[in-house]
Amino acid sequence: MNDRDSGAAPVAVLDVGKTNVKLSAVGADGTVAETISVPNPVLPGPPWRHHDLTKLSEWVFETLAALSRRHELAAVVAAGHGSGGVLTGADPDVGDAAALPMVDYEQPLPPDIRDGYIPLAGTFLDRGSATMHGATHQARQLYWMEEREPDAFGKARWYLGLPQYWAWRLSGVAASEASFLGAQSHLWNVAERRFSPIVSARGWERLMPPFSKAWQKLGPIRPELVRRFGLPADVSVLTGGHDSSLNHYRYHAAGLRDFTVISTGTWIVGFSRSTPIERLDEHRGMTLNSDVFGNRLGGILTMGGREFSHIAGSNPPTDDVPIEVLGRLVAQRTLAAPSFGDDDGLFPGSAGSGGILGPAAETAMERKGLALLYCALLTVECIEALSADRLIVLDGSFLRDPLYAGVVAALLPKRQVRFNLDAYGVAAGAALLAGHETREGPAPLALSEPIDLARLNSDISRYAADWRAVARAVRGNRDKFRNTKGNLHG
């Protein structure tokens with residue numbers, strides 16, 4: 001068996017984010033050898049703000065060809081954010097192959113589309129989440145397309161999630177996949193493993209291709225792309241999956257079981273397989289997702305990165321927050337009350353009502369320290385809402401500051417908190433799919449222990465109790481916490 005057949009050769013991973021797109025060569029063990037990135041271009045309407053798939057296609061194919069000349073690739077696999085899909089024609093070679101432009105999910109909806117969609121969306125189990133802001137959900141995007149462009153919609157052949165769109169462009173084989181449809185698409189009932197009622201009610205079954213596993217080989221790269229771009233003809237194209245679900249898979253591939261993973265960036269995203277369905281509360285950012293095996297994943301998400309920026313400011317210091325600054329904020333009870341953005345996050349009714357209580361955070365470093373404290377507290381809320389799992393794994397951008405993991409660990413003394421500094425979790429998980437059926441042992445994984453904040457533990461615990469009381473207060477009642485010292489410790 002050669003390296004290509006055994007899953008030991010490098011894999012090309014296309015990671016399509018909302019803002020940036022990355023193409024990486026990743027080793028069989030999940031180690032990233034090379035990454036190339038480009039902004040994800042967006043064009044104004046009509047008919048709506050949309051991603052420039054034509055420009056991006058040229059970049060993807062040309063960059064993949066260049067990467068293949070430097071690495072002997074065995075496979076290519078795509079990962080993508082859960083709010084993107086493409087309504088396509090029948091031919092992957094006609095232009096960008098889209099029947100209608102790919103919706104930019106962050107734009108506001110026309111009022112009639114917003115209001116008309118709500119009664120069609122089904123129950124929480126049908127949706128897997130609350131109905132979120134803008135054009136977030138794929139079902140809502142399809143509804144918008146059909147209502148505004150019925151002729152073009154009627155001629156479409158497939159509706160493909162982002163990873164499956166790129167797999168189809170590369171291989172010519174259309175597929176659906178459980179982890180992507182299970183990422184708040186509102187198209188897939190994860191609990192019952194069936195399409196949501198809106199699919200049959202609107203006659204969308206004809207757009208949904210057969211299911212494939214995330215690790216399944218759909219075929220080689222199409223001859224037309226081999227000829228035009230010099231792509232290798234012997235590279236397998238895998239189905240691919242949802243980015244956060246692939247990050248979760250990398251821990252599964254490393255042999256972890258019964259754990260909660262929290263990934264941080266623009267979103268704080270948490271997953272646990274042990275979350276009972278009845279524990280999920282759509283009004284607190286909780287979701288019902290799917291892992292790559294089609295099994296339920298209790299989820300939770302809140303826009304932690306955006307909240308961090310609101311508190312820390314647009315240009316926070318690059319240095320780590322000193323523990324003395326953290327201790328001062330805790331001791332003087334400077335609290336950031338949620339939520340600063342236009343989303344409620346974990347606290348219903350809090351959107352846009354965020355503010356600072358107690359003594360002001362005067363310096364840029366104090367503001368960064370307050371933002372770090374706030375996001376660590378959000379993380380603990382996510383963990384406690386999700387599960388009683390003893391093992392907690394943290395990854396993502398917040399870990400650049402060691403105090404973040406330290407605060408989370410200090411507030412969860414009965415849990416085993418560990419963190420992973422690898423910044424390419426999605427790419428690693430996606431690449432590990434190539435060896436899923438041949439891997440003989442756990443994939444390598446290095447987890448670290450947080451710094452010990454023992455000297456601040458009791459103060460941080462009291463601070464956290466105050467913060468929870470403020471965070472859960474009705475917006476109009478927050479003045480009592482601001483003005484009545486008796487409601488605060490110390």
Side-chain angles (χ1 to χ4, degrees), residues 262 264 268 270 281 283-286 300-312 321 323-341 343-362 365-386 392 394 398 401 403-415 417 450 453 455-490:
I262 301 285
T264 59
I268 297 174
D281 182 352
H283 304 296
R284 297 199 65 221
M286 301 191 77
I300 194 163
L301 70 168
T302 187
M303 294 191 84
R306 299 278 173 88
E307 294 285 283
F308 185 99
S309 296
H310 277 292
I311 300 168
V321 176
I323 193 169
E324 294 77 17
V325 169
L326 188 80
R328 185 162 62 250
L329 292 167
V330 168
Q332 70 189 24
R333 294 298 188 270
T334 299
L335 301 171
S339 292
F340 292 82
D343 186 78
D344 286 342
L346 310 181
F347 303 102
S350 69
S353 66
I356 310 302
L357 307 184
E362 300 284 359
M365 185 59 79
E366 285 184 341
R367 289 191 293 274
K368 181 180 178 182
L370 184 61
L372 182 146
L373 266 173
Y374 176 87
C375 289
L377 289 159
L378 284 182
T379 299
V380 172
E381 284 286 309
C382 289
I383 293 165
E384 293 186 330
L386 267 180
I392 309 298
L394 308 175
F398 289 177
D401 194 309
L403 286 183
Y404 165 74
V407 172
V408 173
L411 293 173
L412 297 171
K414 296 182 180 179
R415 313 259 195 149
V417 177
L453 296 181
R455 64 190 170 112
L456 292 180
N457 276 3
S458 58
D459 277 350
I460 285 180
S461 295
R462 290 195 294 271
Y463 180 95
D466 290 340
W467 181 83
R468 289 189 186 103
V470 169
R472 285 172 168 74
V474 177
R475 285 175 292 174
N477 290 339
R478 283 199 176 144
D479 283 346
K480 73 179 182 180
F481 292 97
R482 182 181 289 110
N483 299 324
T484 308
K485 187 175 179 181
N487 283 310
L488 294 176
H489 293 281

What distance separates [X] [atom1] from [Y] [atom2], expressed to the nearest 0.5 Å?
X	Y	atom1	atom2	value
Leu373	Leu335	CG	CG	9.0 Å
Phe308	Tyr404	CZ	OH	11.0 Å
Leu357	Asp466	CG	CG	10.5 Å
Cys382	Ile392	SG	CD1	11.0 Å
Ile300	Ile383	CD1	CD1	10.0 Å
Leu378	Phe398	CG	CZ	8.0 Å

query = What is the minimum heavy-atom distance between His283 and Pro348, and which atoms define it?
reply = O-CG, 3.1 Å
task = Could you tell me whether a side-chain N or O of Glu307 sits under 3.5 Å from a main-chain N or O of Gly341, the two making a donor and an acceptor?
result =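 The answer is yes, because a donor-acceptor pair under 3.5 Å joins these two groups.
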Under the side-chain contact (heavy atoms from CB on, under 4.5 Å) rule, collect the residues that match up with [X], sequence neighbours excluded.
X	answer
Asp343	His133
Arg468	Val380, Glu381, Glu384, Ala464, Arg472
Ala405	Leu394, Leu399, Phe419, Pro450
Leu456	Ile323, Leu326, Ile460

query = So with a 6.0 Å cut-off around CZ of Arg284, is the heavy-atom count from everything else above 12?
reply =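 More than 12 heavy atoms, drawn from other residues, nucleotides or ligands, come within 6.0 Å of this atom.
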query = With sequence neighbours left out, what residues match Asp459 under side chain to side chain donor-acceptor pair (under 3.5 Å)?
reply =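 Partners of Asp459 under the side chain to side chain donor-acceptor pair (under 3.5 Å) test: Arg462.
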request  = Can you sort out the partners of Thr334 under side chain to side chain donor-acceptor pair (under 3.5 Å), two or more places apart, ordered by chain and number?
outcome  = Gln332
message = Classify the ring geometry of Tyr374 against Phe340: parallel below 30°, tilted from 30° to 60°, perpendicular beyond 60°.
response = perpendicular
